[in-house]
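See structure below.
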2 protein chains.
Amino acid sequence: MASRAKATILDIAREAGVSKSTVSLVLQGSGLIRPETAVKVRKAIEDVGYVYNRGAANLRKAHSNVIGMVINDLTNPFFAELAVGMERVFQSAGIVPFIANTAENPVRQEEVLKSLMEQGVAGLIVSPARGTTPGAFRRLETAGVPVVFAMRRLPDSRIPVIAPDNHRGAWLAATHLIGKGHRRLAFFGGTSDLVVYQERLGGFREACDASGIARRDVLVVEGETSRRGGIACLETALALPEPPTAALCFNDAVAFGVMLALRKRGLEPGKDFAVVGFDDVVEAEHYMPALTSVSVDTPGLGERAAHVMLKMIQSRTTHAEDHIGAVNLVVRDSCGPDRRTQDRPAGIGDAA
Amino acid sequence: MASRAKATILDIAREAGVSKSTVSLVLQGSGLIRPETAVKVRKAIEDVGYVYNRGAANLRKAHSNVIGMVINDLTNPFFAELAVGMERVFQSAGIVPFIANTAENPVRQEEVLKSLMEQGVAGLIVSPARGTTPGAFRRLETAGVPVVFAMRRLPDSRIPVIAPDNHRGAWLAATHLIGKGHRRLAFFGGTSDLVVYQERLGGFREACDASGIARRDVLVVEGETSRRGGIACLETALALPEPPTAALCFNDAVAFGVMLALRKRGLEPGKDFAVVGFDDVVEAEHYMPALTSVSVDTPGLGERAAHVMLKMIQSRTTHAEDHIGAVNLVVRDSCGPDRRTQDRPAGIGDAA
DNA sequence: TCCTATAAATGGAACGTTCCAATAAATCAA
DNA sequence: TTGATTTATTGGAACGTTCCATTTATAGGA
């Protein structure tokens, strides 16, 4: 029924009896056209079922209004929370961010970035996949497209980063565990090729060292940053002759896996083994037992990243300051005291 | 450092000493050009740091290669699973789907659809937000853009739908509950403006009627399709003089909320109150207790939707057959028998 | 040798928009 | 009235590609 060939501004112009330039002006909301003319044009736009062709417009205009969001794991609810924060600020700027998933695969990431660039994005917010090569963002840089890293960073790059204070978060968590009387600790999940991993492990180690925990009493098990990874980590740890009694997990997904694996073995998370997560996703509060976790204000970081992006686009620069978000430990039920401490009658102020 | 103005095929042509047409041919992988020439051109492409301008190309070409995916709730892991299925098939077709979130907001959805259309998408896979007006997709239709609905449908539209057999799934779940001896049942969550809701509630009702459960013994509580909605539903139900002993929930998120609220009241899900979910997201298996849920093969539906989309684009049609996916009930630990039945010594084959 | 067939490469028009410079119409100052 | 100024509107060139119709080079057949 509808006219087959799609309508252009020329069709609108004919319909409204004005020139294409006038239509263009109306489309851009220019104040130069007479209100009555604008009304007439807008009516014609409706009548012909016009769809604006942004591709054509971008041919002339300097900037598009598309912002891409490249994330490494869509199934991790953490990133959904991050995305929601960003969307809040982009929405009020009249921008619709497009989300693309790389599924932690650098090759896929390459494709995604290429596709986004070809689309002419105005900017990119990226949480790089693990194993991303240093040169992966070279092209973006030479093209002058503003890029912001969220949550993760690349070893030597000059791209601005929005991330939580990983070092401090891990330090907080470890200190808490030690304060509960634990003396053999573990760090579960993640891989050393991630900068975040280094930071979190660093904070963890620092707290252990400061409290005089011997190096041989801290166990580090690398693994996938997922529930499955957590399960695997716990299995490895408990197979050891002298297993740890508490663990800080790389993120909440890992922690959930650990709790699951504990249950499968008939152990009670929090009582028989203490576990702390990282990120504090909304599920953490609702788990059984509720997960103690390092809260990073995820939507807040998303908002911040979006703001930085907007500012970069506006000032047509490709640089910006890093932003390290404050963290704090949310203590819930997943980490009680060390069993050995617990066996003795515990007095008030029973410190480690 | 990099040449400021971005390179075009003309720059490549100059660099390689050929015509722009030749470059274009190489870009499209045409077999018409001599291999040595192709190599020369490809080198030039690298040298000038060229980025393909898809907007310009789409001006001439009939179809773009962008497919949009519009989902109503990014934070529901269910949709992440759906997206993952789709991505699998699109990836092998060399397509990067762009995901956009509407957050269950029809106004936002309007913006998202508009933006995607302006971008010149080749097709759209949509899970419409609740409260979507019937005319919301009119524009898409007149523009001849292929659209597929996933999971949700609109009352009177002719747009093809990929969805699970909601009626049967709910029927299965209700029958299971009744078989466990429950006589006062509830349906929690969702709102009647959703077609899916009608279908699921319909299957539920049918099973109740068939088993001779009186209408006044089935309670229907509408609510948000989220954890929070589930909490609210349970509160309402338990405030009643004769509360139900079991509930089928609109989806797993609601079920999680219900279990949570039960715990808060000191009740044990599965023992004191039976709950069944819908969708069977991966978390269901890992919950405490593990959630009995209607499995719909989410990634499979995603794949199917993507295939249908691809076929529609290829055959440049805007119609396709609906696809109703098989479902089955995965029985786990969240629904034991009715307490009253349980109080009596239960014999083998203790049927309802 | 010339003609024809095939292979490879090319120029130019078109796609739908924006933006500049130019025009036309309306208003004002003298 | 005339010229200057302001307000609305407009034609045309440009943006970076594709694709058609040509041209040019290469080879084969007589």
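Atom set for the values below is all heavy atoms of this structure, side chains included, hydrogens, waters and symmetry mates excluded. Naming convention: chains lettered A, B, ... in sequence-line order (proteins, then strands); numbering from 1 in each chain.
- Take B:Phe79 and apply the ring pair (Phe, Tyr, Trp, His ring centres under 6.0 Å) test, not counting sequence neighbours, and it matches no residue.
- Residues forming a ring pair (Phe, Tyr, Trp, His ring centres under 6.0 Å) with A:Phe137 (at least two apart in sequence, or on another chain): A:Phe149.
- Every residue meeting the salt bridge (charged side-chain N to carboxylate O under 4.0 Å, His left out) condition with B:Lys43, not counting sequence neighbours, appears here in chain and number order: B:Asp47.
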Under 3.5 Å, which protein N or O atoms sit close to an N or O of nucleotides 21-23 of chain D? Give each pair with its distance.
none

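- Only at 4.0 angstrom or more do the heavy atoms of residues 111-123 of chain A sit from any atom of DNA chain D, so none qualifies.
- Terminal axes of the helix from C:dT1-D:dA30 to C:dA30-D:dT1 (five pairs each, C1' rotation axis) are separated by 60°, to the nearest 10°.
- The salt bridge (charged side-chain N to carboxylate O under 4.0 Å, His left out) pairs that include a residue from residues 69-92 of chain B are B:Arg88-B:Glu303, where partners are two or more places apart or lie in different chains.
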Scoring nucleotides 9-15 of chain C by protein non-hydrogen atoms under 4.0 Å (B base, S sugar-phosphate only, - none) yields SBBBBBB

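- Residues passing the salt bridge (charged side-chain N to carboxylate O under 4.0 Å, His left out) test with B:Arg34 are B:Glu36, sequence neighbours excluded.
- Under the ring pair (Phe, Tyr, Trp, His ring centres under 6.0 Å) criterion, A:Phe78 pairs with no residue, sequence neighbours left out.
- Under the salt bridge (charged side-chain N to carboxylate O under 4.0 Å, His left out) criterion, the residue pairs touching residues 51-64 of chain A are A:Arg54-B:Glu118, with sequence neighbours excluded.
- For A:Glu110, there are no salt bridge (charged side-chain N to carboxylate O under 4.0 Å, His left out) partners two or more places apart in sequence or in a different chain.
- Summarising the geometry, atom CD1 belonging to B:Ile99 is positioned 6.5 Å from atom CD1 belonging to A:Ile99; distances are rounded to the nearest 0.5 Å.
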